[in-house]
There are 2 protein chains.
Amino acid sequence: MQEKLRTYKASIFQALSHPTRIAILEVLRDGELSARSIQEKLGVEQANLSQHLAILRSRQIVANRKDGNQVFYSIRNPVLLEVLDVMRRYFQTNLADAIQMLEEVECEASVR
Amino acid sequence: MQEKLRTYKASIFQALSHPTRIAILEVLRDGELSARSIQEKLGVEQANLSQHLAILRSRQIVANRKDGNQVFYSIRNPVLLEVLDVMRRYFQTNLADAIQMLEEVECEASVR
DNA sequence: TAAGAATATTCTATATTGCGAATATACACA
DNA sequence: TGTGTATATTCGCAATATAGAATATTCTTA
């Protein structure tokens, strides 16, 4: 596989590499929601949510539909939900390691 | 799902969010390899590879086994390969969008 | 048209990441 | 023990990412 393709995949993973963006995809799992509803469900700053949505949009991960005053977001490709599902299985089969990691992550998520 | 769990998931995605690290997992798909072999296959700097391996290690994604002079790496949990497989499907069902993205990514991968 | 609501963008400060160069460590074997 | 090979770590710098504050844009409705 060429470098370019890997860079694309990496950019998708990168889009998924933030807790808020994972949360966004999880609340969109059951169907589209307005930006405002997402914001209320997640309890984040308006500007911050908008930035995260911009990232998901730029990677074509979510679609947005304007309706009057509001913008409704939805997951563009359901296969992405499978990615999240498999990750859930990954997490489950990894429980022991994960618990340890959670503790580390709690202090600092970085390697260095 | 709690924030902590999302942070954990995000940290796994973050580990996958670099082309070199994706490449590492791909060459490890068929079994363990020494760091040197990985380096030769990928053609990256020794120090750089070691840094990427450190990230994968810190997330418990790879296991390492020391044998004399060398360190052999392998994928710790095969479910992770499924994640990559699903991503491949994601890519395939997304071809049109992806091609467009590849062009953009070619110039600059960032949103801003 | 004016005011208000929903969303996006820009700006600024800070933190994190990624790279190569240099250095350190660990092991093998003469 | 000394030398070479394999791997890891540290350092400094450039690039990127994230957050909140401020501002802009778009739409609705009085």
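Every chain is numbered from 1, with letters handed out A, B, ... down the list of sequences.
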Undergrad: Of the residues in residues 27-39 of chain A, which ones touch DNA chain C at a heavy-atom distance under 4.0 Å?
TA: A:Ser34, A:Ala35, A:Arg36
Undergrad: OP1, OP2 of C:dT17 versus side-chain N and O of B:His52: anything below 4.0 Å?
TA: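 It does not, given that no N or O in the side chain of B:His52 lies less than 4.0 Å from OP1 or OP2 of C:dT17.
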Undergrad: Does B:Gln51 put a side-chain nitrogen or oxygen below 4.0 Å from OP1 or OP2 of C:dG20?
TA: no
Undergrad: Under 3.5 Å, which N/O atoms of the protein pair with N/O atoms of nucleotides 1-4 of chain D?
TA:
none

Undergrad: Whole angstroms only, please: what is the CG-C1' distance between B:Leu49 and D:dT7?
TA: 9 Å
Undergrad: When clusters are formed by joining ILVMFWY residues with side-chain heavy atoms under 4.5 Å apart, either directly or through shared neighbours, do A:Leu28 and A:Phe72 land in the same one?
TA: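 Per the 4.5 Å side-chain linkage, A:Leu28 and A:Phe72 are not co-clustered.
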Undergrad: What residues, two or more places apart in sequence or in another chain, satisfy side chain to side chain donor-acceptor pair (under 3.5 Å) together with B:Asp85?
TA: B:Arg29
Undergrad: Return whichever of A:Gly68 or A:Thr20 has its heavy-atom-nearest nucleotide of DNA chain D closer to the 5' end.
TA: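 Nearer the 5' end of the strand: A:Thr20.
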Undergrad: Figure out the CZ/P separation between A:Phe72 and D:dT26, and round it to whole Å.
TA: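 Value for this atom pair: 19 Å.
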Undergrad: Any heavy-atom pair between the side chains of B:Glu82 and A:Tyr90 that's under 4.5 Å?
TA: no
Undergrad: So, for A:Thr7 and B:Pro19, which heavy atoms are closest and what is the spacing to 0.1 Å?
TA: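 Closest heavy-atom pair between A:Thr7 and B:Pro19: OG1-CG, 3.8 Å.
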Undergrad: Check the distance between D:dA22's C1' and A:Asn48's CG and give it to me in whole angstrom.
TA: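 In whole Å, D:dA22 C1' lies 15 Å from A:Asn48 CG.
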Undergrad: Using the C1' atoms of five pairs at each end, what's the angle between the two axes of the helix from C:dT1-D:dA30 to C:dA30-D:dT1, to 10 degrees?
TA: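 The angle separating the two end axes equals 10°.
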Undergrad: If you look only at pairs with a residue in residues 31-44 of chain A, which of them pass as a salt bridge (Lys or Arg N to Asp or Glu O under 4.0 Å), with sequence neighbours excluded?
TA: A:Glu32-A:Arg65, A:Arg36-A:Glu40
Undergrad: Enumerate the residues from residues 40-47 of chain B whose closest heavy atom to DNA chain D is under 4.0 Å, giving them by residue number; use none for an empty result.
TA: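 Those residues are B:Gln46, B:Ala47.
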Undergrad: Have a look at A:Tyr73 and say if it touches a base, only the backbone sugar-phosphate, or nothing, with a 4.0 Å heavy-atom cut-off.
TA: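 A:Tyr73: backbone/sugar contact only, no base atoms under 4.0 Å.
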Undergrad: Using whole Å, report how far CG of A:Leu53 lies from P of C:dA6.
TA: 15 Å
Undergrad: Do A:Ile12 and A:Val83 touch side chain to side chain, with heavy atoms closer than 4.5 Å?
TA: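 No, every pair of side-chain atoms sits at 4.5 Å or beyond.
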